[in-house]
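Convention: sequence-line order gives letters A, B, ...; per-chain numbering from 1. Nothing here was measured: the structure is a model prediction, and the numbers come from that model.
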Number of protein chains: 2
Amino acid sequence: MISGKFAITIHILTLLHKFPNDYLSSEFIAGSINLNPVLVRKEIANLKAHHIVESKEGKNGGTKLAVNATELTLRQIFEMTFESIGLGFAKNQPNPDCPVGKNINKHLETLYNEMNQKVSAQLENISLEDFSNQF
Amino acid sequence: MISGKFAITIHILTLLHKFPNDYLSSEFIAGSINLNPVLVRKEIANLKAHHIVESKEGKNGGTKLAVNATELTLRQIFEMTFESIGLGFAKNQPNPDCPVGKNINKHLETLYNEMNQKVSAQLENISLEDFSNQF
DNA sequence: ATATTTGTAATAAATTTTATTACAGTATGA
DNA sequence: TCATACTGTAATAAAATTTATTACAAATAT
């Protein structure tokens, strides 16, 4: 299901921003990321579902940005890629007969939610254009 | 190498804080986390290396806290477990012949570093005792 | 028409994470 | 002093997750 979705997505979007007049192929993009083109297309499908990009099928087809890069924030990308900050949970259900085990995940979740809010606030202030213009 | 190191470690430490007078066995701790005892012992080895806990081998052995829970911050735990916040990098080297590919990881790293600073600042304000007293 | 590209599913390979097994070494206490 | 119950650690296996590959239908430019 792709773990580095955020990184891949921001890479795709940066490329699209650098070539605003072209429809870039998944092959081309995959060549820059060094990733399988099918995975690129999957992330693009997600971006399309959020109306961030548009693609054209067929020969000379590809994908281009459909929004203004100054108005797209890294926070939106963060949220679109279903990412969230966290430091893990006990994978198996912790022991419900132990007062600590019973509640640990709840408390960790609260903590992680606070972390996510801080991170989101930070990402809110960075637009795709800001990010892309660093290159 | 254990991915939820932070979560496991904080679970261990919370238990130790709840039973300040006992040496808790890895078996007991593992029963609360619902994790293999060997992995608990590995995390404890890390805590020992940082002088956060002390253990006693042999019969009736186990582990207990060696520091004051009011003085141990979640930030320290975060750092001790070598965790860091991030949203991934392209796993394979991105294409060095592409201006975006060549620099993306560097820029992502800068971004992630900023995120880590924010998160660290937040975790700095929470002690093990604060966390544990929620239970 | 042909070639190129998206879209998507199915499957395989690789990697990472977690669990298990095994056993030497250490302390306790009957 | 001997059986027992732990830690510590290595080696291996199993499970889960992530990434890659293959395949092909549908679309479209030239």
* Structure fact -> When rounded to the nearest 0.5 Å, the distance separating CD1 of A:I12 from CG of A:L65 is 11.0 Å
* For the pair A:E114 and A:K118, find out whether any cationic side-chain nitrogen is under 4.0 Å from an anionic carboxylate oxygen. => no
* To do: Between C:dT28, D:dT7, C:dA3, spot the one nearest the side chain of B:K56, thanks.
  => C:dT28
* Quick check, are the ring centers of B:Y23 and B:F19 under 6.0 angstrom apart? -> no
* Asked: Between D:dA29 atom P and A:K59 atom NZ, what is the distance in whole Å?
  -> 11 Å
* **Any donor-acceptor N/O pair, B:N46 side chain to B:E43 backbone, under 3.5 Å** => no
* To do: Have a look at B:S26 and say if it touches a base, only the backbone sugar-phosphate, or nothing, with a 4.0 Å heavy-atom cut-off.
  => sugar-phosphate
* Asked: What's the CD1-P distance between A:I44 and C:dT6, to the nearest Å?
  -> 7 Å
* Name the nucleic acid region contacted by A:G61, choosing base, sugar-phosphate or nothing; use a 4.0 angstrom heavy-atom cut-off, strictly under. => sugar-phosphate
* Asked: Nearest to the side chain of B:L39, which nucleotide is it out of C:dG25, C:dA22, C:dT18?
  -> C:dT18
* **Matching residue for B:F78 among B:N116, B:I10, B:T9 - test: side-chain contact (heavy atoms from CB on, under 4.5 Å)** => B:N116
* Structure fact -> Computed from five pairs at either end and rounded to 10 degrees, the angle between the axes of the helix from C:dA1-D:dT30 to C:dA30-D:dT1 is 0°
* Look at the side chain of A:N60 and decide which nucleotide, out of D:dT7, D:dT4, D:dT30, has an atom nearest to it. => D:dT30
* Asked: Just checking B:N36: base, sugar-phosphate only, or nothing, at a heavy-atom cut-off of under 4.0 Å?
  -> base
* Asked: Which class fits the ring pair B:F6 and A:Y112: parallel under 30°, tilted 30 to 60°, perpendicular over 60°?
  -> tilted
* Nearest to the side chain of A:R41 - D:dA20, C:dT6, D:dT7? -> C:dT6
* Kindly indicate, with the supporting measurements, whether the criterion side-chain hydrogen bond (donor to acceptor under 3.5 Å, both in side chains) is fulfilled by B:T110 and B:N113. => CA-CA 5 Å; B:T110 302; B:N113 281 342; 5.6 Å; no
* Structure fact -> In whole angstroms, the gap separating P of D:dT21 from CD of A:E27 amounts to 11 Å
* Asked: Considering heavy-atom distances to DNA chain D, does B:S25 or B:V38 have its closest nucleotide positioned more toward the 5' end?
  -> B:S25
* Distance, rounded to the nearest Å, where A:K42 contributes NZ and C:dA9 contributes C1' -> 8 Å
* Separation of C:dA27 C1' from B:E54 CD (nearest whole Å) -> 15 Å
